[in-house]
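Worksheet: the structure to be examined is printed underneath.
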Amino acid sequence: MNIETKSPVPGFDDSYTLALGLDTGPLSTDPYISPAHYELERERVFGRAWLAMGREEQVPESGSYIVRELEVCNASVLIVRQKSGGIQAFHNVCSHRQNLIMNSSEGRAPRFTCRYHSWTFGTDGALLSVPDERRFFDFDKKKCGLTPIATEVWQGWIFINMQSEPEVSLAEFLGDFGKFYTGVPFPGSGHSLKFEANLDANWKVISDAFAESYHVPSIHNKTLRPAFSNASNPFARPIRASAWGPHSAYSAFANLEYAPPENALGERLAYRNMGANNIISPSGANEIDKLLGHPSINPNNSAEWCSDANVIFPNFHLDVSFGGFFIHHFWPTSHRSTRWVAEYFMEPAADFQTRLQQEYYAIRNIEVLLEDIGNTERVQKGMETRAKRNIYLQDGEVIIRNLLHHIDRWIKADSAREALDL
Ligand SMILES: [Fe+2]
């Protein structure tokens, strides 16, 4: 639902939290620090939800593959473009002695050979050849193919589900968000600038750092604050919040008066080729305009818009700004560690000006992202002191509250269908 209703609570007649029907009280730190809670998340959230893995452009041709380690699911996942054109994920596990087959994170191969004893599998998972096969007992090659993992693609995004027979389809899982976001073009989706870090913090500590703009005037004081707040909105309150069950979105505010200072020569060069107000961009306005023209981007059509963050449950952010689109994956590796991967998509530069823009865009993003993640391990340590057992969320942090609410719901529900209210 889009939040447009007015709250009856005095002083909060524009509350996103109340309009969403969420509680307003403090929240327990348990989901961030408890190993037992993490085990429940593994089984009931990550074990039942559809999980975004990447773009279909990352496996462009028959035999193209990517490998993703999913510690949270005790899985190594091999995702392969099929001869038929479809995409199928398998456990990256040899049927013989269970060695992990493919070591590189991406590539293209006509078949997959386990380096231990050279058992060889086709791109469709079928076991093709076994050295000295006649010495195995009662052996049926047909029963020894790779184990498939449920795979579906939505708008070019590859999702998997670790249930052997998923309770809900990807369309059911994405629900009204999936319908709302249909037809959005993703320019430059075959090429990205990728950042990856392993952080000693619960995965939600990292995802929370990208789920609100309240922190912008504070932690991004010298970088983003002048462009993303002003006298009328000094605390960078979001200009819109929406939720569709467990999935949610907010739009961030742009200060239309902002211009790069005289001495910001790099920023001014990067601006030269822009059709938009105050966001640096890795490409010309034409490519980005196709994206920004879709009605689901900046859905309230606000002039003071700079970006949308779409939080796809549980651990995937699909974001759009004047710079194009970018994503975050937050992969838990334990209850207090996370592999965070961010990718900023863009067409490869075809000329010097664009290359310069992209270099500046990269430097700028690294600076800002370091501010975001630089705080997260300290948050985890603070929570683990157990000096305090609650966190407080203000109205602008509603997306974090929605995520915590739905994680709790999935943990308590007997089925994914029940958690989704289907
Ligand atoms: Fe930030």
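Keep in mind that this is a model prediction, so the values were computed, not measured. Numbering of ligands and ligand atoms starts at 1, following listing order. Quick note: residue numbers are just sequence positions, from 1.
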Minimum heavy-atom distance Ala243-Leu20, with the two atoms named: CB-CD2, 3.3 Å

Lys/Arg N to Asp/Glu carboxylate O, Lys381 vs Glu384, below 4.0 Å: no

Would Glu371 and Lys222 count as a salt bridge (charged side-chain N to carboxylate O under 4.0 Å, His left out) here? Give the steps. CA-CA 10 Å; Glu371 290 174 338; Lys222 290 203 168 62; over 6 Å; no

Ignoring waters, how many N, O or S atoms from the protein are under 2.8 Å from the Fe ion (ligand 1)? 3

Would you say Phe195 has more than 12 foreign heavy atoms packed within less than 6.0 Å of its CZ? yes

For atom CZ of Arg378, decide whether the heavy atoms of other residues, nucleotides or ligands shown that lie under 6.0 angstrom number more than 12. no

Going by the rule ring pair (Phe, Tyr, Trp, His ring centres under 6.0 Å), which residues pair with Tyr181 if we only count those two or more places apart in sequence or in a different chain? Phe177

